Enquirer: 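One structure follows; several queries about it will come next.
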Amino acid sequence: SCEKCGLEIVRLVIDGRGLAQSIAWGEITSALGTELMKRSPKSVIVSTPPYFNVSRARRQQFIRELADKLEPVAKCCTREEEVRIGRYMYTVGPVEGSGCVTFACSPVGGTFDPGCQPLPALRKKLLDKNRQLCVAGHERVVLIVGWDETIRTEDVREAISNIDFSCLPNIDRVYFESGLERIHLVYDSLKMLYALKGGSGQ
């Protein structure tokens, strides 16, 4: 017999403001990378805040000032180092190669979070879905449908791993579907329970 299923759908999309911030972040880090490569042949990875609140009129000056502060760290670092610039922390670490600057996005607190775009939205939406799935005798499933092709399964899986599901007891499983990939299971409460008890989950 088929088990009863309670299904809730989350449409995950970067809103207009988030998309504009994402584009600005990409443009600024691209220009910053070019500027740093002119100054140092050393390859580094730089973790930055998730967005820059800088007008277009100030952008070039902002990039030069940021490069002035990151350049000494980029030239000398032999291990990952943190540097505070204004209100935010930046992390600079060496990588193999010559003259290549790679950027990563981190939240305001400074810890690297590759799922920085979907995480805040998922935390809020899953709280709502947890309330809506308060039904007994059902397998309670959330299907996340990604409407933005920049959000990939690995981003959602990483975001899910940073969510405390002990506060979401009505969610048994979470799946993610994007327009580019098939449906993936990204959270299973039974597997998590087995893992906490030291079992295999099989």
Side-chain angles (χ1 to χ4, degrees), residues 1-23 25-26 29 45-51 80 82 88-89 91 93 102-202:
S1 62
C2 293
E3 185 177 359
K4 292 181 180 179
C5 179
L7 174 67
E8 286 291 332
I9 297 175
V10 170
R11 293 173 177 84
L12 186 60
V13 61
I14 300 174
D15 61 24
R17 182 183 177 194
L19 182 58
Q21 288 177 343
S22 178
I23 292 170
W25 183 89
T29 55
I45 180 167
V46 181
S47 181
T48 78
Y51 58 86
E80 191 174 273
E82 288 188 334
Y88 302 110
M89 294 298 296
T91 303
T102 305
F103 289 90
C105 175
S106 65
V108 173
T111 304
F112 178 70
D113 177 11
C116 60
Q117 283 289 355
L119 181 56
L122 282 177
R123 278 187 172 139
K124 180 181 184 303
K125 289 176 182 288
L126 289 178
L127 277 172
D128 294 338
K129 297 307 175 187
N130 182 69
R131 286 191 290 269
Q132 293 166 0
L133 285 171
C134 187
V135 289
H138 290 65
E139 182 182 20
R140 298 156 298 182
V141 176
V142 174
L143 172 62
I144 301 169
V145 181
W147 283 15
D148 190 307
E149 64 180 18
T150 63
I151 300 175
R152 307 303 298 267
T153 300
E154 55 265 30
D155 300 323
V156 175
R157 188 172 281 122
E158 180 67 23
I160 288 288
S161 72
N162 286 283
I163 293 174
D164 181 7
F165 275 84
S166 66
C167 302
L168 305 170
N170 297 327
I171 297 176
D172 296 317
R173 292 187 178 187
V174 179
Y175 293 87
F176 175 70
E177 177 188 13
S178 78
L180 303 176
E181 301 167 335
R182 62 187 179 86
I183 296 175
H184 292 269
L185 178 66
V186 293
Y187 170 78
D188 186 328
S189 62
L190 285 178
K191 286 185 178 179
M192 289 297 296
L193 182 61
Y194 278 120
L196 289 172
K197 291 182 176 181
S200 65
Q202 300 299 318

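These values consider heavy atoms only, across backbone and side chains, with no hydrogens, waters or symmetry-generated copies. Throughout, residue positions are numbered sequentially from 1 according to the sequence presented. Small disclaimer: the values here were computed from a predicted structure and weren't measured.
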Enquirer: Rounded to the nearest 0.5 Å, what's the gap from CZ on R123 to CG on D128? Could you check?
Expert: 14.5 Å

Enquirer: Enter the distance from D164:CG to L126:CG here, rounded to the nearest 0.5 Å.
Expert: 12.0 Å

Enquirer: Using only atom types and a distance under 3.5 Å, with no angle test, would you say the side chain of D172 pairs donor to acceptor with the backbone of R140?
Expert: yes

Enquirer: If the test is side chain to side chain contact (heavy atoms under 4.5 Å, CB included), which one of L7, I144, V145, V141 qualifies with Y175?
Expert: V141

Enquirer: Using a 3.5 Å distance criterion without hydrogens, assess whether the side chain of D188 forms a donor-acceptor pair with backbone atoms of R173.
Expert: no

Enquirer: In Å, rounded to the nearest 0.5 Å, how long is the span from CD of E139 to CD1 of I171?
Expert: 12.5 Å

Enquirer: So which heavy atom on Y88 is nearest to which on P49, and how close?
Expert: CB-CG, 3.6 Å

Enquirer: Roughly how far, to the nearest 0.5 Å, is NZ of K129 from CG of N170?
Expert: 13.0 Å

Enquirer: To the nearest 0.5 Å, how far apart are OG1 in T153 and CD1 in I160?
Expert: 11.5 Å

Enquirer: Restricting to non-hydrogen atoms, name the atom on V186 and the atom on F176 that form the minimum distance, rounded to 0.1 Å.
Expert: CG1-CB, 4.1 Å

Enquirer: Work out which heavy atom in F103 is nearest to a heavy atom in T29; give both atom names and the distance.
Expert: CE1-O, 3.1 Å

Enquirer: Nearest 0.5 Å please: distance from the NZ atom of K125 over to the CG atom of N130.
Expert: 15.5 Å

Enquirer: Classify the angle between the aromatic ring planes of Y187 and F165 as parallel (below 30°), tilted (30 to 60°) or perpendicular (above 60°).
Expert: parallel

